Amino acid sequence: MQITVTVNGASETRDIEPRRLLVDFVRSDVGLTGTHIGCDTTSCGACTVLLDGQPVKSCTVLAAQANGREVKTVEGLAEGGELHPIQAAFKEHHGLQCGFCTPGMMLVGSSLLEENPTPTDEEVRWAISGNICRCTGYMNIVTAIQAAGQEGS
Amino acid sequence: MYPSTFDYSAPEGLEEALGLLSELGDEGRVLAGGQSLIPMMKLKLAAPGHLIDINGVSELSYIREANGHLAVGALARHADVSSSETVSRHNHTMSSAAPWVADPLVRNRGTLCGSVAHCDPEGDWNSVMLAVGASVVARSTSGERVIPITDFVVDFFTNSLRPGEMVTEVRIPKYQGPAGGAYLKLERKVGDYATVGVATHLALDGAGMVAEAGLGLTAVYGHNLKVTEAEEMMIGQAPGSELFAEAAAIAARTCDPDDNVRGPASYKRAVVAEYTRRGFAQALAMAKEQS
C-alpha cells in the first residue's frame with residue numbers, strides 16, 4: 001500500500017507493507033536514524049516520535065496509521081541551524097550520557113513544555129515516566145527540561 | 001519483531017467498518033489504539049488476517065453525558081479519559097484509575113473501550129467497570145446490543161462479543177446522591193502491569209447508609225473479579241472501618257492470586273485486603289464531602 005506522511009515538515013510517500021512499523025518507516029524508509037529502537041515492546045520510549053504533536057512509541061504504531069498525518073522526530077527539533085531550546089538545555093545541563101534515550105526524552109520534554117512551560121519537578125517526572133534512561137538517574141534530564149521551559153518563556 | 005502479514009483497511013465511517021467486520025468474519029480484527037493488539041501481533045500471540053483500523057472513524061471519539069449515564073466512545077484514549085472534566089465530575093473511580101493505566105505515551109494511543117474488550121485480567125479498566133456497574137455497547141450490521149459488564153467479561157482474554165460485533169461505547173451509570181470511589185494500584189514501576197489493583201465505588205442513601213457498593217480486583221484471578229459477596233453484604237449497612245474490614249476479608253479470600261515475579265500469593269492477598277479498606281475509606285470521604 002502507498003502512504004504519505006509529513007515527516008518534519010517534508011512530505012514522504014512510500015510503498016509499504018501494512019505490517020511496516022512506524023519506527024522502521026522513519027529509520028529505514030525515510031532514513032532518519034535519530035529515532036532509536038530499544039526494547040521493541042512498548043516499554044522504554046527510545047522510539048518516541050510526535051504523531052500530530054503527541055508523543056507515541058513508534059514501535060507500537062503501524063506506519064499505515066500515520067498515513068496523512070504529521071510525524072516529528074528528533075531531527076525536526078533544530079531549525080535553521082539553531083539548536084531547539086530543549087537541545088541547548090540538554091547540552092548545557094548534561095542531560096545525557098550515552099544518548100540512547102535522549103531523542104525520546106527531548107521530544108517528550110518539548111511536548112510537555114508546549115502545554116506547560118514551567119513544569120514542577122513532579123510534572124516533568126510524570127511526563128517522562130514512559131521513557132527509560134539507564135545512565136543519568138534522571139536528575140539532569142529533569143533539570144534540562146525545566147531550564148528549556150525557563151529559556152522559552 | 002514483526003507481525004505476520006495481514007491486509008489493512010481504514011474505513012472512515014462506522015457503517016463501513018461494521019460492513020467490513022461482517023464480511024471478513026473471523027479474519028477481521030478491529031484496531032483502535034493498538035497498544036495491546038500490536039504487541040500481541042509482534043509476539044505472534046495474535047495473527048489476524050485483516051485489520052480494520054477505526055482511527056479514522058471520528059464519530060467514535062467522544063466522552064459525553066447522555067440519558068443519565070456517561071458514554072465513552074471507542075476512540076476515546078486513556079489520556080482523554082484522564083483529562084476529562086466530565087469524567088472527574090461523573091465518576092471518581094474512573095478518574096482515579098485513568099492516570100495509572102500504562103504510561104503517558106501509551107495513554108496517548110490506547111483506548112478505554114479497547115482495553116475493556118481485550119479482557120486482560122491484568123488490565124485496569126475492567127475492574128473499574130465491574131465496580132461501577134458499566135455496560136458495553138456492541139454494534140454489528142444487524143443492530144446493537146447493550147451488554148452488562150458482568151456478562152461481557154467471560155474469562156481470561158475472553159469477552160462475549162459475537163462474530164461481526166465491535167465495541168462502540170462503554171456506558172457508566174450516573175449515581176444520584178453522594179458517591180465516591182477510588183482505584184488503588186500497586187505496580188513495580190510505571191508501565192508495568194498491576195501487582196494488585198483494587199477498584200471501589202460507594203454511594204450513600206439519604207440516611208447515610210450504603211446504597212451501592214462496588215468492588216473489582218485486578219491481577220488476582222483468571223479475569224477481573226467482581227466481589228459480589230462483599231458488595232451485597234455492604235448494602236444498607238453503616239459505612240465505616242468495621243464494614244470495610246469485613247469487605248476486605250471477603251475480598252482477600254475470594255481472590256486467587258498466583259505466585260509470580262510480582263510477588264507471592266499471600267502478599268497479594270494482604271494487599272487486596274489493605275487496598276479494599278483504603279479504597280472504601282477514600283470513597284466514603286468523597287461521598288461525605290457531598291452530603
Side-chain angles (χ1 to χ4, degrees), chain A residues 1-3 16-24 28 37-69 101 104-105 107-109 111-112 115-116 119 122-133 138, chain B residues 1-12 29 31-58 61 75 77-80 82-83 98-110 114 187-193:
Chain A
M1 64 181 290
Q2 190 177 73
I3 63 168
I16 57 152
E17 273 194 274
R19 61 177 177 161
R20 193 79 169 147
L21 298 169
L22 181 58
V23 68
D24 291 318
S28 304
I37 298 174
C39 69
D40 204 15
T41 55
T42 340
S43 303
C44 78
C47 65
T48 300
V49 301
L50 303 186
L51 181 58
D52 287 343
Q54 281 193 322
V56 300
K57 294 182 173 177
S58 63
C59 74
T60 310
V61 177
L62 300 175
Q65 294 181 282
N67 188 20
R69 304 176 67 180
C101 72
M105 289 291 181
L107 287 165
V108 167
S111 164
L112 169 67
E115 286 172 26
N116 178 4
E122 174 81 17
E123 286 166 338
V124 175
R125 287 175 184 275
W126 187 262
I128 63 170
S129 62
N131 296 70
I132 294 174
C133 171
Y138 302 99
Chain B
M1 293 183 297
Y2 252 77
S4 302
T5 53
F6 54 83
D7 293 323
Y8 172 89
S9 301
E12 286 174 5
R29 187 83 189 255
L31 173 68
Q35 301 299 285
S36 297
L37 181 56
I38 294 174
M40 285 183 78
M41 290 170 65
K42 289 170 71 175
L43 292 163
K44 307 291 197 293
L45 296 170
H50 197 124
L51 282 188
I52 303 162
D53 180 357
I54 61 164
N55 284 276
V57 185
S58 51
S61 185
L75 270 188
R77 320 272 171 185
H78 305 303
D80 300 329
S82 184
S83 63
W100 297 102
V101 176
D103 69 44
L105 283 72
V106 171
R107 289 196 291 274
N108 283 339
R109 289 296 292 168
E187 59 181 13
R188 297 180 302 175
K189 59 185 171 62
V190 172
D192 192 18
Y193 289 105

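Side chains are part of it too, since the values below use all heavy atoms of this structure and drop only hydrogens, waters and symmetry mates. Residue numbers begin at 1 in each chain, while the letters A, B, ... track the order of the sequences. A quick note: this is a predicted structure, and the numbers were derived from the prediction, not measured.
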Using a cut-off of 6.0 Å, state whether more than 12 heavy atoms not belonging to [X] lie near its atom [atom1].
X        : atom1 : value
A:Gln2   : CD    : yes
A:Tyr138 : OH    : yes
B:Trp100 : CH2   : no

Could you tell me which of B:Pro99, B:Ala102, B:Gly33, B:Gly191 has the largest number of non-hydrogen atom pairs under 4.5 Å with chain A?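 Ranked by contacts with chain A, first place is B:Pro99.
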Who among B:Val190, B:Asp192, B:Asn108 has the most heavy-atom pairs with chain A under 4.5 Å?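 Ranked by heavy-atom pairs under 4.5 Å with chain A, first place is B:Asn108.
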Is A:Arg125 close to chain B through its backbone or its side chain, or both, or neither, when contacts mean heavy atoms under 4.5 Å?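 Answer is neither: A:Arg125 stays 4.5 Å or more from chain B.
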Which bit of A:Val108 comes within less than 4.5 Å of chain B, counting heavy atoms only: side chain, backbone, both or neither?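 Side chain of A:Val108 only, per the 4.5 Å heavy-atom cut-off to chain B.
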Could you measure the distance from the [atom1] atom of [X] to the [atom2] atom of [Y]? Nearest 0.5 Å is fine.
X        : Y        : atom1 : atom2 : result
A:Thr42  : B:Ile38  : OG1   : CD1   : 8.5 Å
B:Tyr8   : A:Asn67  : OH    : CG    : 7.0 Å
B:Thr5   : A:Glu17  : OG1   : CD    : 7.0 Å
A:Ser129 : B:Leu105 : OG    : CG    : 8.5 Å

Pick one of side chain, backbone, both or neither for B:Leu37, based on which atoms fall under 4.5 Å of a heavy atom in chain A.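 Neither part.
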If only atom types and distance count, is the side chain of B:Asp53 paired as donor or acceptor with the main-chain N or O of A:Gln65 below 3.5 Å?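 No, because the side chain of B:Asp53 does not come within donor-acceptor range (under 3.5 Å) of the backbone of A:Gln65.
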Walk me through whether B:Leu31 and A:Leu62 qualify under side-chain contact (heavy atoms from CB on, under 4.5 Å). CA-CA 10 Å; B:Leu31 173 68; A:Leu62 300 175; 3.8 Å; yes
Winner by heavy-atom pair count (cut-off under 4.5 Å) against chain B, out of A:Ile128, A:Asp24, A:Thr41, A:Ile132: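 That would be A:Asp24.
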Considering non-hydrogen atoms only, spot the tightest contact between A:Arg19 and B:Tyr2 and give its length.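 Closest pair (atom of A:Arg19, atom of B:Tyr2, distance): O-CE2, 3.0 Å.
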Pull out the residues in residues 50-60 of chain A that come under 4.5 Å of chain B, heavy atom to heavy atom, sorted by number.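 Contacts with chain B: A:Leu51, A:Gln54, A:Pro55, A:Val56, A:Lys57, A:Cys59, A:Thr60.
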